[in-house]
Amino acid sequence: MMFARMRRTAPLLVLLPLAVFSFAQTSAKPAASDPRIDALLETLGKTRIPSEADISPDGKTVAWSVRTGKNYEVHLSDVSAPSPSKELTIRPSDTANCDNDAPVWSPDGQSLAYASTCTSERTGQPQIFLWSKKTGESRQLTHVAGTIDDMAWSPDGRSIGFLFVENATRSAGALAAMKPWSGVIGEDGVEVQRVAISNVGDGSFVQATPANLHVYEFNWSPDSKELSYVAANPPGENNWWVAQLYTQVIAGGQPRSILDTTKITGSLHNLQIAVPRWSPDGKQIAFVGGLMSDQGSTGGDVYLIPSTGGEPKNITPNRAASVAFLHWVSPEVLGVSEHVGGSSHITALDVNSGTDNAKLNLTLPESIGSGSLVMSISVSKHQNVAFIRSSFGNAPEVWAGSLSNLKQITHLNDSIKPLWGKTENLEWTNEGFHVQGWLLYPANYDPSKKYPLIVSVHGGPSSAVTPRWPSVGYGGVPFSALGYFVFMPNPRGSYGQGEKFTQANIKDFGYGDLRDILAGMDALEARLPIDKNREGLTGWSYGGFMTMFTVTQTTRFHAAVAGAGISNWKSYYGENSIDQWMIPFFGASVYDDPAVYAKSSAIEFIQKVKTPTLAVVGDRDGECPAPQSFEFWHALRAQGVKTQLVVYPNEGHSFRAPEHRRDVLERALNWFETQMPAN
């Protein structure tokens, strides 16, 4: 339930002009424009965000993509001497008004695959193109109708596999807007994502995995003859939480489940699996296993399982971190990226002992990634790496080189400087837990003055706040530019402290994690000039739930904004499109144990609310459906509490329309300014 990045190659939904519907007694329009907000939104809108980075096998060239104007472009940069003037732009032709992105190098480094809509076929339909290093020309490989995601070359370089939804009418996954309810409701027309394979030589195309399995991730065997993949029965947006690990011989083979976590005992029972990676010798498959609340937001321990099936082995038990991404360096060594506290850590693990290689360690107080997977990095045969770095103080840029000698490859945002204040890493203890979070100081901070505080709770709950440059969209960082302290905690249930910490809020939503947050606030108030009469609370998704629930538990906050929240877990169970995620966290369905759901429902304590609260949501949100926000708003209005509900049309859990992304941020900024005015 986190507010996550959408895959870029998915077709865009048809969006109507801005038509914000407000069901409140107050105006549907934001408050009068604040010049500080205008300047902030203008700065955020100028940020150019690279979306993928892939390093060539020889470690000498980085391919990356970025939006330029209205379209995405693929660029090539030299690692040893990067220069914007020497970058090579890759495209099929000089065709304008089309996108090129998702570059992936061939194993021999002589070709680059990328997705492009620069075709004479259906408007907006991406196809795979191959750029030749020898000729400098591109040729079209595929002629398909549907979504194309996560392209991966076979190790022998003869084929390209990718996730494919044939004749897709929407993006696969729960973040996208759900189809409007109409007619007989069932599973007809469900989008099924499969692994498709195109032959590089003749362009022949086959859907390799069966139509009765929705595939989330896949990986080639080292001999290019088999696939490993994480899959479940359709519908895909609901069943990732019970997905199994499969292997399949490509030439006429049938899926073979080698791991079903619902049928095993031990530390992996009923937990989630992600990032399967076949070992170089083909004997075993590594993967990340843990309690995860969202497909694509990965964190947990590293497990090994024989590629023929067998008992999975946890090689990182009790590790005080949450592994998010992995790749094989050799048959004995795994490279991993992981959450450590709120920072990103890259290291190498000995698969026999689970210990770190002291020579390959890099901790970055920032966010990293190279593509659609969280904290992914691209690695060359010579162990050079490439990834996109972003922090609260530095806009995203591509970096590459050895871990000991990283170079900034791009300079897309050199002219952009943060309008918000400095950052501080916070650590505190509560009830035996070590807790971490981030604090942004107000812009132009003067310690002799008092400042308001905004607490911003992340989504998930299995996620973590890592330093990241904000975009024009909802988030806590922009409040710092308006003169707020911004506290972004990683309480129990978060990644970064190990699997025990992540699982510490099972059957306890809104209680232990809230106490962790309040303890962090106590520590801040004891040493910083915070105006206790101007403390606000906000969050999206799980953070939206925490906002709704918290104002029923304390009057400490004087204003709140709940984005895509959950007010009643009992009714939510029957409204959402992803009820499978709830079983690992609540221990049973709502029909078997309604009391555990009621315990954490804001609606059960609604008469205690005094805090003015704005609720915002997309009308086609399948993860946190709009009726949850309506129910909360309706209850507050009945209690005479100042409230407003804003529903955004044709939006899912992750807003897509630029005008909606801007409006929801501007509206929230104005809400706190008007509900917590300066003295």
> Cation over ring, Lys422 on Tyr441, under 6.0 Å and within 45°?
yes
> Kindly give the heavy-atom pair with the smallest separation between Pro50 and Pro396, and that separation in Å.
CD-O, 3.8 Å
> Hydrogens and angles aside, do Ser65 and Ser51 bring a side-chain donor and acceptor to less than 3.5 Å of each other?
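Ser65 vs Ser51: donor-acceptor pair found between side chains.
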> Write down the atom of Gly618, the atom of Val647, and the distance for their closest heavy-atom approach.
C-CG1, 4.4 Å
> Check whether any side-chain heavy atom of Ser471 lies under 4.5 Å from a side-chain heavy atom of Arg661, and answer yes or no.
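Side chain of Ser471 against side chain of Arg661, heavy atoms only: contact under 4.5 Å found.
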> Are any non-hydrogen side-chain atoms of Glu217 and Leu373 less than 4.5 angstrom apart?
yes
> If every non-hydrogen atom of Thr466 is compared with every non-hydrogen atom of His339, which pair is closest and at what distance?
CG2-ND1, 3.9 Å
> Give me the one residue out of Tyr597, Phe549, Phe509 that meets ring pair (Phe, Tyr, Trp, His ring centres under 6.0 Å) with Trp569.
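Output: one option passes, namely Phe509.
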> May I have the list of side-chain donor-acceptor pairs in residues 451-458 shorter than 3.5 Å, sequence neighbours left out?
from: Tyr451; atom 1: OH; to: Asp446; atom 2: N; distance (Å): 2.8
from: His458; atom 1: NE2; to: Ser494; atom 2: OG; distance (Å): 2.8

> Could you check whether Asn238 and Ser577, counting side-chain N and O atoms only, form a donor-acceptor pair closer than 3.5 Å?
no
> Just by distance, no angles: are the side chains of Ser344 and Glu366 close enough, under 3.5 Å, to form a donor-acceptor pair?
no
> So which heavy atom on Gln193 is nearest to which on His214, and how close?
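Looks like N-ND1, 3.2 Å.
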> Heavy-atom distance under 4.5 Å between the side chains of Met548 and Ile566, does that happen here?
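Met548 vs Ile566: side chains apart.
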> Are Thr410 and Arg48 linked by a side-chain donor-acceptor pair shorter than 3.5 Å?
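No donor-acceptor contact under 3.5 Å links the two side chains.
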> Is there side-chain contact between Trp240 and Ile578, with heavy atoms separated by less than 4.5 Å?
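When only atoms from C-beta onward are counted, Ile578 and Trp240 do not touch, as no gap falls below 4.5 Å.
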> Kindly give the heavy-atom pair with the smallest separation between Pro677 and Arg534, and that separation in Å.
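Scanning both residues completely, I find the closest heavy atoms to be O-NE, 3.6 Å.
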> Ala668: which residues meet the side chain to side chain contact (heavy atoms under 4.5 Å, CB included) condition with it, sequence neighbours left out?
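Ala668 satisfies side chain to side chain contact (heavy atoms under 4.5 Å, CB included) with Tyr474, Phe479, Val561 only.
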> Can you check side-chain hydrogen bond (donor to acceptor under 3.5 Å, both in side chains) on Tyr484 and Glu673, steps first, answer last?
CA-CA 10 Å; Tyr484 293 84; Glu673 287 290 283; 2.6 Å; yes
> Using side chain to side chain contact (heavy atoms under 4.5 Å, CB included) as the criterion, list what pairs up with Ala443, not counting sequence neighbours.
none
> With heavy-atom distances below 4.5 Å as the criterion, would you say the side chains of Asn568 and Gln628 are in contact?
yes
> Could you go step by step and tell me if Tyr648 and Phe655 meet the ring pair (Phe, Tyr, Trp, His ring centres under 6.0 Å) rule?
CA-CA 9 Å; Tyr648 291 81; Phe655 283 13; 5.1 Å; yes
> With side-chain contact (heavy atoms from CB on, under 4.5 Å) as the criterion, how do His653 and Trp540 come out once you've worked through the C-alpha distance, each side chain's angles and the decisive distance to 0.1 Å?
CA-CA 9 Å; His653 197 58; Trp540 196 278; 4.1 Å; yes
> Assess the residue pair Thr611 and Gln675 against the criterion (side-chain contact (heavy atoms from CB on, under 4.5 Å)); give the C-alpha distance rounded to whole Å, side-chain angles, the decisive distance to 0.1 Å, and a yes or no.
CA-CA 10 Å; Thr611 306; Gln675 302 306 317; over 6 Å; no
> Of all the heavy-atom pairs spanning Val465 and Pro489, show the shortest one and how long it is.
CG2-O, 4.0 Å
> Would you please say whether a donor-acceptor pair under 3.5 Å links the side chains of Tyr542 and Asp513?
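Yes.
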> Tell me if a side-chain donor or acceptor on Glu397 pairs with a main-chain N or O of Asn413 at a distance below 3.5 Å.
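The answer is yes, because a donor-acceptor pair under 3.5 Å joins these two groups.
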